[in-house]
Amino acid sequence: MAISIFTHPDCLRHDPGADHPEKPARLRALLERARAADGVRLLETTPATREPLLAVHTESYLATLQSMSGRGGGVLFLDTILSAASWDAVLGATGAVLAAVDHAHAGRGHAFAAVRPPGHHALAGKGMGFCLVNNVVVGARHAQRAGRARVLIIDWDVHHGNGTQALMETDSTLRYVSLHQHPWYPGTGMADERGVGNVFNVPRGPGLPASLYVSDLWAAIVAATTGWDADIVLVSAGFDAMTGDPLGGFTLEPEHYADLTRRLRERLPAVPIVGLLEGGYVPARLADGVLAHALALA
């Protein structure tokens, strides 16, 4: 069975500037590879309305994003920059995330959402770290509305998903497992941050053997799923933990993502899995990582 990758063309139009790491070339390289790859079905979706976003974000914050984008863009927060097309990209990305979740929920196979801007740093009323809206929590709430009550979120981006943790750490229906570099941006994600027992942080230093990162993340996934049955798994799939990424110091390679994905499928054989693109700032390497993960889902 081919793996379905969902996207929207407006995700390519969000442009924080030529020198910004989170540039359209990241997604463009991935989509070019996906179109040429065997075993991949690339699907363009329709934009979402703002309603699914309101399950996670405040109306005033969404209005700020829309109005700033409508004025041609601007600096939202430090390195988090909007262009004239950023609000359209938000709605396009959200539409792709919802379509991927619906596809997996309906039993049509696992799925991947190839979207940008990324999302795991976004808080309810604040964007940061290149992120405007929290795609994975929006996807989780959508899955819950469809009847998937317990959602496991796995985050292997090299940066801690502070926004994701803040949005779910008091809700026992969600569990969050994050492998991330520490000390590193945004400075959160200590192992003793446990939420209501539903947060499993794995902070690790840079330059360690890839096998250690894989084994430590896997141990946390096992801990999170022992005595707790997930109804769906969402992966905040950043690929900036790969060797050579300019924004991280980890040592993972594409085969490590494929290995983790296969292990996850074997441990939770009846549970749908949806990957959502987060970081990864060498376009060709990003495409390698995504395809390794996606084809292991197929």
Side-chain angles (χ1 to χ4, degrees), residues 20-23 26-27 30 79-80 93 97 112-123 127-140 152-168 174-191 193 199-206 208 210 213-214 216-218 220-221 224 233-254 256-258 260-261 264 273-283 285-294:
H20 198 283
E22 206 291 283
K23 51 195 172 187
R26 302 174 58 244
L27 180 58
L30 166 56
D79 55 9
T80 306
V97 168
F112 188 85
V115 297
R116 57 180 293 276
H120 71 155
H121 295 307
L123 300 156
M128 59 183 288
F130 313 163
C131 301
L132 302 184
V133 301
N134 199 296
N135 300 317
V136 74
V137 180
V138 170
L152 173 64
I153 299 172
I154 298 170
D155 189 336
W156 61 44
D157 189 281
V158 81
H159 305 97
H160 179 245
N162 61 301
T164 302
Q165 181 173 312
L167 288 164
M168 57 67 63
L174 304 178
R175 288 203 167 186
Y176 180 59
V177 180
S178 175
L179 169 71
H180 48 272
Q181 185 171 329
H182 184 82
W184 207 234
Y185 180 89
T188 54
M190 296 299 93
E193 297 172 15
V199 175
F200 300 77
N201 281 319
V202 186
R204 294 293 182 267
L208 301 174
Y213 297 127
V214 171
D216 287 358
L217 173 57
W218 184 247
I221 292 170
V233 177
L234 305 183
V235 181
S236 268
F239 296 89
D240 42 9
M242 293 177 68
T243 302
D245 194 280
L247 298 190
F250 277 11
T251 56
L252 295 177
E253 295 291 342
H256 299 118
Y257 299 105
L260 284 163
T261 304
L264 191 60
I273 303 169
V274 179
L276 295 81
L277 183 62
E278 297 282 2
Y281 301 99
V282 179
R285 293 279 281 164
L286 169 67
D288 291 340
V290 170
L291 285 179
H293 167 55

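Everything numeric here is computed off the predicted structure, so don't read it as measured data.
- With values rounded to the nearest 0.5 angstrom, Asp288 atom CG is found 14.5 Å from His293 atom NE2.
- The two atoms that bring Ala258 and Ala292 nearest to each other are CB-O, 3.7 Å, heavy atoms only.
- Minimum interatomic distance between Pro21 and Leu247 (heavy atoms only, all atoms of both residues): CB-CD1, 4.0 Å.
- Note that CG of Leu264 and CD1 of Ile273 are 4.0 Å apart. Values are rounded to the nearest 0.5 Å.
- In terms of the salt bridge (charged side-chain N to carboxylate O under 4.0 Å, His left out) criterion, residue partners of Asp216 (sequence neighbours excluded) are, by chain and number, Arg204.
- A heavy-atom distance below 4.5 Å is found between the side chains of Val233 and Ile154.
- Side-chain contact between Pro246 and Val282 is present, with heavy atoms from C-beta onward closer than 4.5 Å.
- With values rounded to the nearest 0.5 angstrom, Leu27 atom CG is found 8.0 Å from Leu286 atom CG.
- Expressed to the nearest 0.5 Å, how far CG of Leu217 lies from CG of Leu260 amounts to 5.5 Å.
- Using bins of under 30°, 30° to 60° and over 60° for the plane-to-plane angle, the ring pair Trp184/His159 lands in the parallel bin.
- Side chains of Asn135 and Val115 form a contact here, defined as non-hydrogen atoms less than 4.5 Å apart.
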### Message
side chain to side chain contact (heavy atoms under 4.5 Å, CB included), that's the test. Do Val214 and Leu179 meet it? Break it down for me.
### Response
CA-CA 9 Å; Val214 171; Leu179 169 71; over 6 Å; no

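- For the residue pair Gln165 and Asn201, a side-chain donor N or O sits within less than 3.5 Å of a side-chain acceptor on the partner.
- Ser236 approaches Glu278 most closely through the heavy-atom pair OG-OE2, 2.9 Å.
- Between the CZ atom in Phe239 and the CH2 atom in Trp156 there is a gap of 6.0 Å [rounded to 0.5 Å].
- Contacts classified as side-chain hydrogen bond (donor to acceptor under 3.5 Å, both in side chains) and involving residues 241-251 (residues at least two apart or in different chains) are given here: Thr243-Glu253.
- In terms of modelled atom types and a separation under 3.5 Å, the side chain of Glu193 and the main chain of Val199 share no donor-acceptor contact.
- Checking side-chain atoms of Asn134 against main-chain N and O of Ala122 turns up a donor-acceptor pair under 3.5 Å.
- Residues passing the side chain to side chain donor-acceptor pair (under 3.5 Å) test with Trp218, sequence neighbours excluded: none.
- Rounding to the nearest 0.5 Å places CG of Leu234 at 8.5 Å from CG of Leu152.
- Looking at Arg175, its side chain does come within 3.5 Å of a backbone N or O of Ala224 through a donor-acceptor pair.
- Minimum interatomic distance between Gln181 and Pro206 (heavy atoms only, all atoms of both residues): NE2-CB, 3.7 Å.
- Looking at every heavy atom in both residues, Leu277 comes nearest to Phe112 through N-CZ, 3.8 Å.
- Among the candidates His180, His120, His121, the single residue satisfying the ring pair (Phe, Tyr, Trp, His ring centres under 6.0 Å) test with Tyr185 is His121.
- Between His160 and Thr188, the side chains place a donor N or O and an acceptor N or O closer than 3.5 Å (distance only, hydrogens not considered).
- Below 30°, between 30° and 60°, or above 60°: for Phe250 and Tyr213 the angle between ring planes is below 30°, a parallel geometry.
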#### Entry: side chain to side chain contact (heavy atoms under 4.5 Å, CB included) between Leu123 and Leu167, worked out
CA-CA 7 Å; Leu123 300 156; Leu167 288 164; 5.7 Å; no

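- Between the side chain of Asp157 and the backbone N or O of Gly279 there is at least one donor-acceptor pair closer than 3.5 Å.
- Tyr176 places a side-chain N or O within donor-acceptor distance of the main-chain N or O of Gly161, the cut-off being under 3.5 Å.
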### Message
The test is side chain to side chain contact (heavy atoms under 4.5 Å, CB included); show your working for Ile153 and Thr164 and say whether it passes.
### Response
CA-CA 9 Å; Ile153 299 172; Thr164 302; 4.1 Å; yes

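- Gly139 approaches Val97 most closely through the heavy-atom pair CA-CG1, 3.9 Å.
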